[in-house]
Amino acid sequence: MKITKLLSIAIFALLFISGCSLKNSILTSNQEQILKEQNEQAYEELAQFIYDKNVDNLVLLMDKHTGKRTGGDCSGFVSFLNNTNNQIYFNNDDLNKHFTKGGGKSNAMYNLYKSRGKISFEMPEIGDLIFFANTTRNTKNKKTQIITHVGVIRDIYENGRVSFVHNTRGKNRVDYMNLSKKNTHISGKKIENSYILRCLNKSCLTSNKFVGYGKIR
């Protein structure tokens, strides 16, 4: 996630204050190292604070619009969250460079994250993007992987199960995925893997259409 203006200003102020304190003193190499570590720690703490604040705002916004039609489709919903939350996912100008012929906006998002080494297959965090392939009527039976759907991680559970919010069939809803129970739809009364498209075949479960998490940090 990119550093916000607030973070830049705060770090500048921190370094300025530190610099003023050095003007009238000569520091040993050990003292310089301590000061450097203190500055780095302050930087990391501020970055973490801003990240947590952005994710908190993101979750509140997701919850507020779950069950509604905000965004119109999956990429539209992510774009709405992005544009109303300090461009937490992407800069629109950067995203426009990653469209490919025949590919939609969710595919462009995937391409952007992949180009930055931000696609992961494990250890998601709340707020990360989640990508799926071949989830449309025209692509579901194709052997070639085509990125067609995107959502946002909402919750992470101890057993590897995650929930995510996405826009499907025009409405925002919560669904689930558990890669440790890849071909299981329901276990007891709990949904392990939702159907990401209309069919009763196990290949249509979220775990079998999953192609990666888009890490925002």
Side-chain angles (χ1 to χ4, degrees), residues 55 58-85 88-90 95 98-100 102-114 119-121 124-142 144-157 160-179 181-187 189-216:
V55 169
L58 183 67
V59 168
L60 289 173
L61 197 60
M62 280 195 292
D63 290 347
K64 181 179 179 180
H65 290 272
T66 296
K68 298 183 179 180
R69 298 185 178 277
T70 312
D73 59 18
C74 65
S75 59
F77 180 57
V78 171
S79 295
F80 165 75
L81 295 176
N82 182 66
N83 294 335
T84 53
N85 199 50
I88 191 171
Y89 292 119
F90 51 81
L95 182 66
H98 288 84
F99 279 88
T100 55
K105 196 170 185 178
S106 56
N107 185 62
M109 293 180 195
Y110 180 88
N111 292 340
L112 172 62
Y113 276 74
K114 187 176 181 179
I119 295 294
S120 174
F121 300 93
E125 295 182 276
I126 294 173
D128 284 350
L129 297 178
I130 180 170
F131 292 99
F132 300 94
N134 303 78
T135 61
T136 65
R137 182 182 302 174
N138 294 331
T139 62
K140 66 180 182 179
N141 295 319
K142 289 185 178 295
T144 303
Q145 179 177 287
I146 303 171
I147 311 302
T148 53
H149 199 70
V150 62
V152 179
I153 297 296
R154 174 61 180 82
D155 289 294
I156 299 168
Y157 305 94
R161 180 171 171 259
V162 302
S163 71
F164 61 96
V165 181
H166 63 137
N167 186 295
T168 179
R169 293 185 283 278
K171 184 177 289 188
N172 305 317
R173 58 175 285 171
V174 179
D175 275 311
Y176 301 88
M177 184 182 76
N178 191 341
L179 296 177
K181 296 184 178 182
K182 194 168 183 181
N183 291 309
T184 302
H185 173 43
I186 295 178
S187 178
K189 295 182 178 180
K190 181 170 59 178
I191 296 176
E192 297 289 352
N193 291 284
S194 303
Y195 284 100
I196 196 70
L197 64 154
R198 290 178 176 175
C199 80
L200 296 179
N201 190 305
K202 291 180 179 179
S203 67
C204 296
L205 293 173
T206 48
S207 55
N208 290 315
K209 295 295 185 179
F210 168 74
V211 289
Y213 299 110
K215 305 294 292 181
I216 57 177

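Here the structure is a predicted model, which is why all the values come from computation and not from measurement. The figures here come from the full heavy-atom set of this structure, side chains too, leaving out hydrogens, waters and symmetry mates. For reference, positions follow the sequence shown, starting with 1.
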Without hydrogens or angle criteria, can the side chains of Asn201 and Ser203 be said to hold a donor-acceptor pair below 3.5 Å?
yes

For the residue pair His185 and Tyr195, is the inter-centroid distance of their aromatic rings smaller than 6.0 Å?
yes

Is the gap between the ring centers of Phe210 and Phe164 under 6.0 Å?
no

How far apart are the C-alpha atoms of Asp175 and Ile196, what are their side-chain angles, what is the distance that settles it, and do they pass the side chain to side chain contact (heavy atoms under 4.5 Å, CB included) test?
CA-CA 8 Å; Asp175 275 311; Ile196 196 70; 5.6 Å; no

Specify whether Tyr157 and Tyr176 have parallel, tilted or perpendicular ring planes, treating 30° as the upper limit for parallel and 60° as the lower limit for perpendicular.
tilted

Could you report the tightest heavy-atom contact between Gln145 and Ile147, atom names first, then the distance?
NE2-CD1, 3.9 Å

Looking at Val174, is its backbone amide N or carbonyl O close enough to the side chain of Ser163 to form a donor-acceptor pair, meaning the two atoms are under 3.5 Å apart?
no

Not counting sequence neighbours, list each pair that qualifies as a salt bridge (charged side-chain N to carboxylate O under 4.0 Å, His left out) and has a residue in residues 59-70.
Asp63-Arg154

For His65, give me all partners under side-chain hydrogen bond (donor to acceptor under 3.5 Å, both in side chains), at least two apart in sequence or on another chain.
Thr70

Side chain to side chain, Leu81 and Ile88, heavy atoms closer than 4.5 Å:
no

Suppose we screen for side-chain hydrogen bond (donor to acceptor under 3.5 Å, both in side chains). Which residues come up paired with Thr144, at least two apart in sequence or across chains?
none

For the pair Tyr113 and Tyr213, evaluate side chain to side chain contact (heavy atoms under 4.5 Å, CB included) and give the outcome as yes or no after the intermediate values.
CA-CA 9 Å; Tyr113 276 74; Tyr213 299 110; over 6 Å; no

Between the main-chain N or O of Lys202 and the side-chain N or O of Asn183, is there a donor-acceptor pair closer than 3.5 Å?
no

For the backbone of Ser75 and the side chain of Asn167, can you confirm whether one donor and one acceptor N or O come within less than 3.5 Å of each other?
no

Phe132 vs Met177, test: side chain to side chain contact (heavy atoms under 4.5 Å, CB included). Steps then yes/no.
CA-CA 11 Å; Phe132 300 94; Met177 184 182 76; 4.2 Å; yes

If every non-hydrogen atom of Cys204 is compared with every non-hydrogen atom of Lys209, which pair is closest and at what distance?
CA-CE, 4.3 Å

Which heavy atom of Ser79 sits nearest to which heavy atom of Phe90, and what is that distance?
OG-CZ, 3.9 Å

Does atom CZ of Arg169 have more than 12 heavy-atom neighbours from other groups under 6.0 Å away?
yes

Per the side-chain contact (heavy atoms from CB on, under 4.5 Å) rule, which among Val165, Ile153, Val152 passes with Ile130?
Ile153

Indicate yes or no for a side-chain donor-acceptor contact from Asp128 to the backbone of Lys215 under 3.5 Å, with no hydrogens or angles considered.
no

Applying the side chain to side chain donor-acceptor pair (under 3.5 Å) criterion to Asn178, which one of Glu192, Lys190, Arg161 satisfies it?
Glu192

State whether the side chain of Asn82 and the backbone N or O of Tyr89 hold a donor-acceptor pair below 3.5 Å, judged by distance alone.
yes

Evaluate side chain to side chain contact (heavy atoms under 4.5 Å, CB included) for Asn107 paired with Ile146, printing each intermediate quantity in order.
CA-CA 8 Å; Asn107 185 62; Ile146 303 171; 5.6 Å; no

If every non-hydrogen atom of Asn193 is compared with every non-hydrogen atom of Ser207, which pair is closest and at what distance?
OD1-CB, 3.1 Å

Please name the pair of heavy atoms, one in Cys74 and one in Ser106, separated by the smallest distance, quoted to 0.1 Å.
SG-CB, 4.5 Å

Should Leu95 and Met109 count as side-chain neighbours, where that means a heavy-atom distance under 4.5 Å?
yes

Can you find a pair of side-chain heavy atoms, one from Phe80 and one from Leu61, that are under 4.5 Å apart?
yes

Of all the heavy-atom pairs spanning Val162 and Pro124, show the shortest one and how long it is.
CG1-CG, 4.0 Å

